[in-house]
Amino acid sequence: MFLWGTATASYQIEGAVTEDGRGPSIWDTFSHTPGRVRDGHTGDVACDHYHRYAEDVALMAGLGVNAYRFSIAWPRVLPTGAGQVNQAGLDFYDRLVDALCENGITPVPTLFHWDLPQALEDEGGWLGRDTSRRFADYAAVVAERLADRVRMWITLNEPFVHMVEGYGLGIHAPGRALMFDALPVAHHQLLGHGLATQALRAAGAEQVLITNNCTPVRPASGSPEDLAAAETYDILHNRLFNDPVLTGAYPDLTAFGVEIPVRPGDLETIAEPLDGLGINYYNPTRIGGPGGDGLPFRFEEIPGVPTTAFGWPVVPDGLRELLDGLKARYGDALPPVYITENGCSYEGLDDQERIAYLDGHIRAMRRADVDLRGYFVWSLLDNFEWAEGYHQRFGLVHVDFETQERTPKASYHWLRKFLEGQSTDT
Ligand code: FCB
């Protein structure tokens, strides 16, 4: 069955951050630190999905999707990241999964979408190797509770973005600005992914995926400098996270001047066979280089394309380019692919631009010569968009953050009609 779904993440929609024993996450700390998130917005209430999940499941049922990608908040399940399990936190996901199943919607949970328990960050977070093991223990706890109804699991969401924005540049939680010294965060997340994959399978999981943010990298020109810079950026953004998982080896990282703390056996664990690769695609990246700021590459605008309210370039065919590029690079080592996020930020209820965006990207993905098994729109609801707070609206459904009123946008109605015309095996 081809999965047509919507995607969300715990900290971006749930709210209820101190309820039923949930512990603090790095995003609670970060968003409450003045100057970190635009206009001081926090996820304290967000879409209040913790209390309104039944209404949100009904919205999905009305939309006609057959899958829902959501994330589980580690600090709801293990308030200090390890040790005592908080059953009340697990109960929430139990209720959510039941509501989805009752509506014929396949639950696809992601175990880590950036809301690390603060207690683990206090011990070094993903800079430390212990967090990988803790992650696997947490995965086992969740699977023990849900694997009777949940068949498909995603370990990590976008380890690249978490490493770069959270530990490299400090614009996301935990707000560290280590530049390339953040590279061990890649390895510890990937090791956590491998260990969690083993733990999930031991607990009865049938399908395990990782979700990587990928971008087709376009050199700004054919000059040797631009070509070399583009290759370096491609290694950092794409290959650092796909190569070890799919081929069991890291790409050449000498351009970054940092050693990755690999121990014997780690790469075998990381390359644990997968049932699918989750891809989040938003836009291509144009790279020239090197930058005058000491970086081995420089970001350039893509000329002649429209941009979203977030300023992100709209290039639907970039999705086809990306997928065909993955097939060319990995060949038979590429497992079935799921587009686990794709979407755009625009204002307004009559969001014709979003309709054009989704239509264009769905058509582009279908032109790619890969084994595609699913497509999830980011996002069901307008929500807390990380450092941008509530300023970027990605939802098919508008949320009034004063009243929590949900109003389906034109794109919701368009997608409903589109899905009515799809057979479930295309
Ligand atoms: C992705 C994140 C998701 C959302 C979208 C817009 O990088 O995974 O949480 O913020 O971008």
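Starting from 1, each residue takes its place in the sequence as its number. On a predicted model such as this, the values are computed, not experimentally measured, just so you know.
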Polar side chain donor-acceptor pair, [X] to [Y], under 3.5 angstrom:
X: H361; Y: Y375; result: no
X: T197; Y: E272; result: no
X: N242; Y: N238; result: no
X: D28; Y: S25; result: yes
X: D91; Y: Q87; result: no
X: S10; Y: S71; result: yes
X: N213; Y: H237; result: yes
X: S31; Y: Y11; result: yes
X: H51; Y: Q404; result: no
X: N280; Y: T211; result: no

Q) Salt bridge or not for R22 and E14, using N-O below 4.0 Å? A) no
Is the shortest side-chain heavy-atom distance between [X] and [Y] below 4.5 Å?
X: R129; Y: D266; result: yes
X: H113; Y: I154; result: no
X: I287; Y: T285; result: yes

Q) Under the side-chain contact (heavy atoms from CB on, under 4.5 Å) test, which residues partner Q352, sequence neighbours left out? A) D350, I355, A410
Q.
Before we go on, tell me: are the rings of W126 and F112 under 6.0 Å apart, centre to centre?
A. yes
Measuring from [X]:[atom1] to [Y]:[atom2], what's the distance to the nearest 0.5 Å?
X: T6; Y: L59; atom1: OG1; atom2: CG; result: 9.5 Å
X: L415; Y: D359; atom1: CG; atom2: CG; result: 10.5 Å
X: L277; Y: I210; atom1: CG; atom2: CD1; result: 8.0 Å

(Q) Counting only heavy atoms not in D293 (residues, nucleotides, ligands), do more than 12 fall under 6.0 Å from its CG? (A) yes
(Q) Are more than 12 heavy atoms, taken from residues, nucleotides or ligands other than E301, located less than 6.0 Å from that residue's CD atom? (A) no
Q | side chain to side chain contact (heavy atoms under 4.5 Å, CB included) evaluation trace for W386 with Q12 | A | CA-CA 7 Å; W386 309 115; Q12 295 181 273; 3.1 Å; yes
Q) Under the salt bridge (Lys or Arg N to Asp or Glu O under 4.0 Å) test, which residues partner D371, sequence neighbours left out? A) R373
Q | salt bridge (Lys or Arg N to Asp or Glu O under 4.0 Å) partners for D44, two or more places apart | A | none
(Q) Under a 3.5 Å distance rule, please check whether T80 uses its side chain to pair with a backbone N or O of A82 as donor and acceptor. (A) yes
Q: Report the C-alpha separation of D317 and R320 in whole Å, then their side-chain angles, then the decisive distance to 0.1 Å, and conclude whether the salt bridge (Lys or Arg N to Asp or Glu O under 4.0 Å) test is met.
A: CA-CA 5 Å; D317 194 58; R320 186 220 38 86; 3.0 Å; yes
